[in-house]
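Report on one structure; see the data block that follows.
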Amino acid sequence: MAQHTLEVDSIIETFGYKHLLTDIFIKCATGEVLGILGRNGTGKSTLLQIIFGSVETENKSIRIDGQSYANAYTAGEKITYLPQGSFLPNSLTVATVIRTFLSTETSRNTVSENARIKPFLKKKINALSGGEKRYLQVLLILNLPTAFAMLDEPFSQVEPLYRADIKSLIQSHKEKKGIIITDHDYVNLMAVSDKTFLLTGGALKPIQESKQLVEYNYLPPE
Ligand SMILES: Nc1ncnc2c1ncn2[C@@H]1O[C@H](COP(=O)(O)OP(=O)(O)OP(=O)(O)O)[C@@H](O)[C@H]1O
């Protein structure tokens with residue numbers, strides 16, 4: 001199996017007087033899931049978009065397999081990003097979306113045959129519930145042939161049984177990818193992540209156990 005490495009550092013992002021990101025260092029390899037927690041507005045989505053290349057920043061260093069990228073999304077099959085909001089066109093059917101989004105027969109079949117998706121193939125996207133849409137999007141993104149996938153709130157709007165499925169999907173796809181996720185569901189995020197970080201004060205702090213989340217004022221005191 002091909003091994004890939006994503007290295008991120010030297011990111012500086014400031015909005016007005018607000019220093020959002022100042023001290024970021026990420027190293028992610030094939031087979032790893034990195035989880036990023038953080039309070040609302042600490043910059044998690046902005047960080048993922050900077051890595052992807054869809055948000056400009058004052059300074060950054062994004063390297064994949066040692067090569068620097070200004071806009072990693074332009075670099076073919078290197079990296080993909082699940083945004084926080086839906087990217088699915090409402091007027092298309094699920095079957096059409098799968099055909100349009102995925103280019104290989106194998107990946108199309110994998111998604112179409114998924115037990116949760118199969119009953120919806122003829123439905124239009126706007127007829128799916130929020131959680132059904134989220135599940136489909138996670139499945140599409142993970143089935144792209146990229147070396148890295150970044151998932152912004154994959155558990156959002158999703159019922160507990162779907163969350164368990166999404167955790168299994170992430171676990172199975174990490175065999176071939178490096179995966180970075182951010183979410184407010186810290187229990188599922190920590191369960192699926194090999195390494196967890198808390199984004200606070202512009203920096204990523206390594207988290208080994210949930211009591212540190214209380215110390216950093218992310219979780220209320222028990
Ligand atoms: N283009 C912009 N101009 C000014 N401020 C911005 C811009 N984009 C983001 N921000 C601010 O940067 C901060 C971080 O936003 P971001 O969406 O990255 O946070 P987040 O950690 O993902 O939050 P949440 O958990 O609520 O999704 C917010 O305070 C937001 O208002």
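All ligand and atom numbering here is 1-based and tracks the order in the structure.
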Verify atom 6 (C) of ligand 1: protein non-hydrogen atom under 4.0 angstrom away = yes
In this structure, atom 16 (P) of ligand 1 is nearest to the protein heavy atom Thr46 OG1, 3.6 Å
Take every heavy atom of Gly38, measure it against each atom of ligand 1, and state whether any distance is under 4.0 Å.
-> no
Which atom of Lys27 lies closest to which atom of Thr5, heavy atoms considered = CE-CG2, 3.8 Å
Given Glu56, His184, Lys44, Gln84, which one has a non-hydrogen atom that is nearest to atom 27 (O) of ligand 1?
-> Gln84
Tyr135 and Phe155: CA distance, side-chain angles, deciding distance, ring-ring contact (aromatic ring centres under 6.0 Å, His included) verdict = CA-CA 8 Å; Tyr135 185 79; Phe155 301 119; over 10 Å; no
Between Arg63 and Ser61, does any side-chain donor sit less than 3.5 Å from a side-chain acceptor?
-> yes
Mark yes or no: Arg116 above the aromatic ring of Tyr162, with NZ or CZ under 6.0 Å from the six-membered ring centre and no more than 45 degrees from the axis.
-> yes
Check each heavy atom of Arg39 against ligand 1 and say whether those closer than 4.0 Å belong to the side chain, the backbone, both or neither.
-> backbone
Nearest-0.5 Å distance that lies between atom CZ in Phe197 and atom OG1 in Thr182 | 12.5 Å
Sub-4.0 Å heavy-atom approach of Gln49 to ligand 1 | no
Report yes if Gly41 has an N/O atom closer than 3.5 Å to an N/O atom of ligand 1; otherwise report no.
-> yes
Mind checking whether Leu20 contacts ligand 1 via backbone (N, CA, C, O), side chain (CB onward), both or neither, at a 4.0 Å heavy-atom cut-off?
-> side chain
Ser156 side chain to Gln84 side chain, donor-acceptor N/O pair below 3.5 angstrom | no
A student checking ligand 1 against Lys18 at a 4.0 Å heavy-atom cut-off should list atoms 29 (O)
